[in-house]
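A short write-up of the structure that comes next.
Below, read A as the first sequence line, B as the second, and so on, with proteins coming before strands; counting in each chain starts at 1. In this text the structure is predicted, and so the values were computed from the model without any measurement.
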There are 2 protein chains.
Amino acid sequence: MAEQRGAVRRRDTTQTVCAAIRADVVGRVFTPGERLTEEGLAARYRVSRIPVREALRTLESEGFVHSRPYAGTFVAELSESEAEDLLGIRLLMEPFGAERAALRRTPVQLATLELLIAEAREMLDAGSAGGPAGLAELNTRFHQVLAEASGSPTLAALVAQLGYKISWVYSLGHPRRAPESWAEHEGIVQALRDRDPDAARERVAEHIRRAQAAYRLRGKH
Amino acid sequence: MAEQRGAVRRRDTTQTVCAAIRADVVGRVFTPGERLTEEGLAARYRVSRIPVREALRTLESEGFVHSRPYAGTFVAELSESEAEDLLGIRLLMEPFGAERAALRRTPVQLATLELLIAEAREMLDAGSAGGPAGLAELNTRFHQVLAEASGSPTLAALVAQLGYKISWVYSLGHPRRAPESWAEHEGIVQALRDRDPDAARERVAEHIRRAQAAYRLRGKH
DNA sequence: CGGGGGACCATTGCATACAACTATTACGGG
DNA sequence: CCCGTAATAGTTGTATGCAATGGTCCCCCG
């Protein structure tokens, strides 16, 4: 369990460690402002310091940690306004990507999105048997595939980074509006199926505005 | 000269190497698709492989290179549509940032922008004595400071990454519209001075649309 | 002569080891 | 008792070295 947590098959170590640290940051295992020692992380994931260092450089450029030479690496702290801006940026980029995706999506991407919706519906019908974590995972993947369907690797990468950060912010308290959310996803996929860029853009924009509103309500803690 | 190119003061090596490689990628010293060997880069910049590796991880997450385990690192290739999308994304993000900047800019940031404009005007009046590279550098910094003035570190980082990539694309052939460009910059700063978010957003949008148009004209090669 | 398979080599991935710097703490002076 | 300074310890930065893997070239076979 914790023993084998980061036991890598001597391959892809850096990427695995990077994902693990990011997951632990997003999952609030490491609290914002906390100092991360390379040796501590190395021990935690059962690797040496080199993969840890490389993972930290990636996470730094993604904005999850920041480090000063010889001083150490610290988990980033997102201000409230920063969290708000994140949602604003997302509201810009995802509709833009969806517009492109309506024109450029491949059949495989379309089918993947439909598959994700089907899996989500199954989970919802089963009464969240897969757990809310499963739905959140599906949601992340949905938005990820949607971004990739835009045909722009840069845009997809940016959306992915944003998605991680928003998960981080949202982790304070998940708004529970999964059924509505997935219904909206269906509308988005329909627009992609119809190759209707305007509808795709508008539906994604509306989807994100609603998520944003739900977040703001939860934000009053 | 080339001898001392990457001779680092035994500090900040990784960041310096990262910037150097990025500059060489943007400057077309390394051509898209080219394979970069760690040892070759280490020799070029007079450092060991470790800083090179870490720099490459950063550049990978920024999208300038891509690497597969054990296979090597390759300079990324930007398709024409990808270049077009880059400009589209910039057209989304920079006006958004400018809107925020009009409300959040600090006096120091405002003064910095004014300083940059003054320096640019001096160069222009001197008949591009500082060289076009100097103006391009000032342009990059202007947009960088403008993005930072939005008060959102995430947004600033994204704009910075985009800026590098756009410099890369533009390096195929610089559109020479520096005088008009800097006149527009003045209008933008005026909007920030007036704390007028709508004007700031619109002027930046117009500025970028014109740069985009100039690029498209040049693009017909 | 063209295509497939295998061995060699270059290169990457990772761990260990040493040097350099920061932060903390203890000590002495005011 | 507080502040400034210096030594110390802990952590980061970099170099060297070895094991694992992918790419390439050559040989053999069809």
Query raised in the report: Across the strands shown, which category fits A:L56 at heavy-atom distances under 4.0 angstrom: base, sugar-phosphate, nothing?
Result: nothing
Nearest to the side chain of [X], heavy atoms from C-beta on, is which of [options]?
X: A:E38; options: D:dT12, C:dT12, D:dT16; answer: D:dT12
X: A:V47; options: C:dA15, D:dT12, D:dT14; answer: C:dA15
X: B:P51; options: D:dA15, C:dG13, C:dC14; answer: D:dA15
X: A:A71; options: C:dA23, C:dG13, C:dC14; answer: C:dA23
X: A:P69; options: D:dT21, D:dG13, D:dT12; answer: D:dG13

task: Output yes when a side-chain donor or acceptor of B:W182 lies under 3.5 Å from a complementary backbone atom of B:R121, and no otherwise.
output: no
[X] [atom1] to [N] [atom2]: how many Å, rounded?
X: A:R46; N: C:dC14; atom1: CZ; atom2: C1'; answer: 17 Å
X: A:Q15; N: C:dT12; atom1: CD; atom2: C1'; answer: 13 Å
X: B:R49; N: C:dG13; atom1: CZ; atom2: P; answer: 8 Å
X: B:L36; N: D:dG22; atom1: CG; atom2: P; answer: 20 Å
X: B:E54; N: D:dT12; atom1: CD; atom2: P; answer: 12 Å
X: B:Y45; N: D:dG13; atom1: OH; atom2: P; answer: 21 Å
X: B:Y70; N: C:dC9; atom1: OH; atom2: P; answer: 20 Å

Between A:I50 and B:R35, the residue closer to the 5' end of DNA chain C by nearest nucleotide is B:R35
Per nearest nucleotide of DNA chain C, the residue lying toward the 5' end, B:T37 or A:S48, is B:T37
Side-chain donor-acceptor contact under 3.5 Å, A:S152 with A:S150:
no
Inset, instruction - Return yes if a side-chain donor-acceptor contact under 3.5 Å exists between A:T154 and B:E82, otherwise no. - result: yes
[X] side-chain N/O to [N] phosphate OP1/OP2 under 4.0 Å:
X: B:R53; N: C:dT12; result: no
X: A:R57; N: D:dT12; result: no
X: A:T14; N: C:dC14; result: yes

Side chain to side chain donor-acceptor pair (under 3.5 Å) with A:T14: of A:E54, A:R53, A:R57, only one passes, and it is A:E54
- Message: Is the ring pair A:F142/A:H185 parallel, tilted or perpendicular, if the boundaries are 30 and 60 degrees?
- Response: parallel
